[in-house]
Engineer: 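Input: one structure, supplied below.
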Amino acid sequence: MSAWSRGEAETWADAMSFALVQHYGRWTVGWRWSHDEGDFDGGPVGNWCCPRDSITTPEETLTRVEAALREWREWLEYLVGWFEAYPLDLGDIESQRILWERSARNLILQVVDRTGCGSGWHGHCRQVLTWFLDHWGVSPEVARGLVDEAIGGRFHSWTGPDTVVVDDVAEQLASSLRPADGRGGADAPAQDHVRRWLAVRESVPWHEIPDGGNDGPVVPLRDGAAQDIRAFDGAIAPARAQGLLSALKLLRVDAARGARLDFTLLSSWQQHVLDTPRPPRFRTAPAFAKRSRERYGIGPDTRARFDACLAGSASDAGRPLGLTARAARACLDVCFFHPFDDGNARSAFLTLVFVLAREGVALDGVSLLRRISFEADAPQDPLILVRYINIHLAETRRRAAGSTGSASR
């Protein structure tokens, strides 16, 4: 039976696929994409499994082929309905991101329901999200890269994704889109985005930004950073969350002793983040991010300039700069100098937490600080990040004060 299934039966099924394409068109090729471990893992088709189980008598077999083909066609038409639920325009992406995000989230949930999250279901999920982006004008090659980057290995066979993971994948996918991602769009510029960031950094009116940290230390009711790591990173991989929690514990010890922020200190945390045998070194080659739209150059003075920027995170009595502005600036320094070969977003987040903690400030929530992507050459992004820190800090103070008031009564 096994030899027949791999030989004569599979040859017949392949011939049927060819005949259907010849007669109806290329859309038919998915008729054998069955649930679980069928001909092709993790598909939406329930009326066909594989030649060994689905080929019986000629009449029964042809009935199954017809049913599988109809099922596949109905699924494609159903998806198109979801694709067109909102009129989307890549040229107006900034005002439509919430719609792109909502559509992506709904599509993930539809694939989850249709496939049952069996073996390889995430392959079809990638395919559907890529079709969705392509439907609205994103270049297919760019679409595949954006989808892979957003999912990031967080979907697994035989396991349904947690809601927090689905929401984050959809949000990351929507936030990573740019008008230039369209078919025939401009290629990513070859400029050095470290230099672009340094130019933006000099132009931002840091001293004019409202500071939410001028009221002194604050102790939150809960550890927002640790809680977010357990929920967000733990959903991706328990080992990832554990590494970040170890780094978080270490940075708070460093903050309590007033440690100087520089690459060496970041590397000591990053050893836990990446679970490496020794602290990782500063990168030695250009780095890329955002599907290569940003390129971070490297030169003999890159690390020294990075350390000089990080030194500005400390309080300066001579020319005082607000705490939240310093925290945001240091976070973005890590993002756009991109010092490590991996894990720079996590390092940037830890840097922000450290700068606040060094002056006795902690937050009870950090979701706004980890769910948005910033651009190296966007002058408004530093202002947005400071505003988000101020929002979290104000809420932390309000809840802490409310708890104290209730206790005193």
Engineer: Using modelled atom types only, decide if a donor and an acceptor are shared between the side chain of W27 and the backbone of Y24 within a distance under 3.5 Å.
Structural biologist: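 Yes, because the side chain of W27 sits within donor-acceptor range (under 3.5 Å) of the backbone of Y24.
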Engineer: Could you tell me whether the side chain of H193 and the main chain of R295 form a donor-acceptor pair under 3.5 Å?
Structural biologist: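 A pair under 3.5 Å: yes.
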Engineer: Kindly write out the residues that satisfy side-chain hydrogen bond (donor to acceptor under 3.5 Å, both in side chains) with E71, not counting sequence neighbours, or none if the list is empty.
Structural biologist: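 Checked E71 against side-chain hydrogen bond (donor to acceptor under 3.5 Å, both in side chains); matches are N47.
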Engineer: Identify the two heavy atoms, one from D364 and one from E395, that lie closest to each other, and give their separation to 0.1 Å.
Structural biologist: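 Smallest heavy-atom distance, with atoms named: OD2-O, 4.3 Å.
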Engineer: Would you confirm whether T396, through its side chain, and L363, through its main-chain N or O, come within 3.5 Å as a donor-acceptor pair?
Structural biologist: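 No, T396 side chain to L363 backbone: no donor-acceptor pair under 3.5 Å.
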Engineer: Determine yes or no for a side-chain-to-main-chain donor-acceptor pair under 3.5 angstrom, with R281 supplying the side chain and F340 the backbone.
Structural biologist: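 Flag not set: sc R281 to bb F340 has no pair under 3.5 Å.
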Engineer: Tell me whether Q172 contacts the main-chain N or O of I151 through its side chain, where contact means a donor paired with an acceptor under 3.5 Å.
Structural biologist: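 Answer holds: no.
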Engineer: Among side-chain atoms of D36 and W158, is any donor-acceptor pair under 3.5 angstrom?
Structural biologist: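 D36 vs W158: no donor-acceptor pair found between side chains.
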Engineer: How about S347 and W269: does a side-chain donor come under 3.5 Å of a side-chain acceptor?
Structural biologist: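 Note: S347 and W269 side chains miss the donor-acceptor criterion.
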Engineer: Please name the pair of heavy atoms, one in A235 and one in V164, separated by the smallest distance, quoted to 0.1 Å.
Structural biologist: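 That closest heavy-atom pairing would be CB-CG1, 3.9 Å.
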Engineer: Which pairs pass side-chain hydrogen bond (donor to acceptor under 3.5 Å, both in side chains) with one or both residues in residues 321-346, sequence neighbours excluded?
Structural biologist: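 Every pair satisfying side-chain hydrogen bond (donor to acceptor under 3.5 Å, both in side chains) with a residue in residues 321-346: W197-D333, R201-D333, D211-T324, T324-N390, R326-E359, H338-N344.
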Engineer: Give, for atom CG of L383 and atom CH2 of W206, the distance between the pair rounded to the nearest 0.5 Å.
Structural biologist: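 Result: 7.5 Å between the selected atoms.
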Engineer: Distance-only, no hydrogens or angles: does the R105 side chain make a donor-acceptor pair with backbone N or O of R102 under 3.5 Å?
Structural biologist: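 Answer holds: no.
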Engineer: For the pair Q270 (side chain) and G343 (backbone), establish whether a donor and an acceptor sit closer than 3.5 Å, ignoring hydrogens and angles.
Structural biologist: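 Yes; at least one donor-acceptor contact below 3.5 Å.
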Engineer: In terms of side-chain heavy atoms, does H124 have a donor or acceptor partner in W75 at a distance below 3.5 Å?
Structural biologist: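 Side-chain D/A pair, H124 to W75: present.
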Engineer: Flag the pair W121 / F155 as yes when their ring centroid distance falls below 6.0 Å, and as no otherwise.
Structural biologist: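 Centroid distance W121-F155: below 6.0 Å, so yes.
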Engineer: So, does R283 use its side chain to make a donor-acceptor pair with the main chain of A285 at under 3.5 Å?
Structural biologist: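 A pair under 3.5 Å: yes.
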Engineer: Check for me whether the distance between the ring centres of W100 and Y86 falls short of 6.0 Å.
Structural biologist: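 Centroid separation for W100 and Y86: 6.0 Å or greater.
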Engineer: For the residue pair S313 / R358, report whether a side-chain donor-acceptor contact shorter than 3.5 Å exists.
Structural biologist: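 A donor-acceptor contact under 3.5 Å links the two side chains.
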Engineer: List the atom of I229, the atom of A241, and the distance in Å for their closest heavy-atom pair.
Structural biologist: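 Of all heavy-atom pairs spanning I229 and A241, the closest is CG2-O, 3.6 Å.
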Engineer: Do you know which two heavy atoms are closest between S246 and H272, and how far apart they sit?
Structural biologist: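 Looking at all heavy atoms of both residues, the shortest contact is CB-ND1, 3.9 Å.
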Engineer: Of the non-hydrogen atoms in A9 and I55, which two are nearest, and what is the gap between them?
Structural biologist: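 Closest approach of A9 to I55, heavy atoms only: O-CD1, 3.7 Å.
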Engineer: Has R154 got a side-chain atom pairing as donor or acceptor with I236's backbone, closer than 3.5 angstrom?
Structural biologist: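 Side chain of R154 to backbone of I236: no pair is present.
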Engineer: Are Q110 and N106 linked by a side-chain donor-acceptor pair shorter than 3.5 Å?
Structural biologist: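 Judged by distance alone, the side chains do not pair up.
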Engineer: Could you check whether Q227 and R222, counting side-chain N and O atoms only, form a donor-acceptor pair closer than 3.5 Å?
Structural biologist: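 A donor-acceptor contact under 3.5 Å links the two side chains.
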Engineer: Which residues pass the side-chain hydrogen bond (donor to acceptor under 3.5 Å, both in side chains) test with T264, sequence neighbours left out?
Structural biologist: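 By the side-chain hydrogen bond (donor to acceptor under 3.5 Å, both in side chains) rule, T264 matches R303.
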Engineer: Check whether D381 reaches the backbone of F374 with its side chain - one donor and one acceptor, N or O, closer than 3.5 Å.
Structural biologist: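 Judged by distance alone, no pair lies under 3.5 Å.
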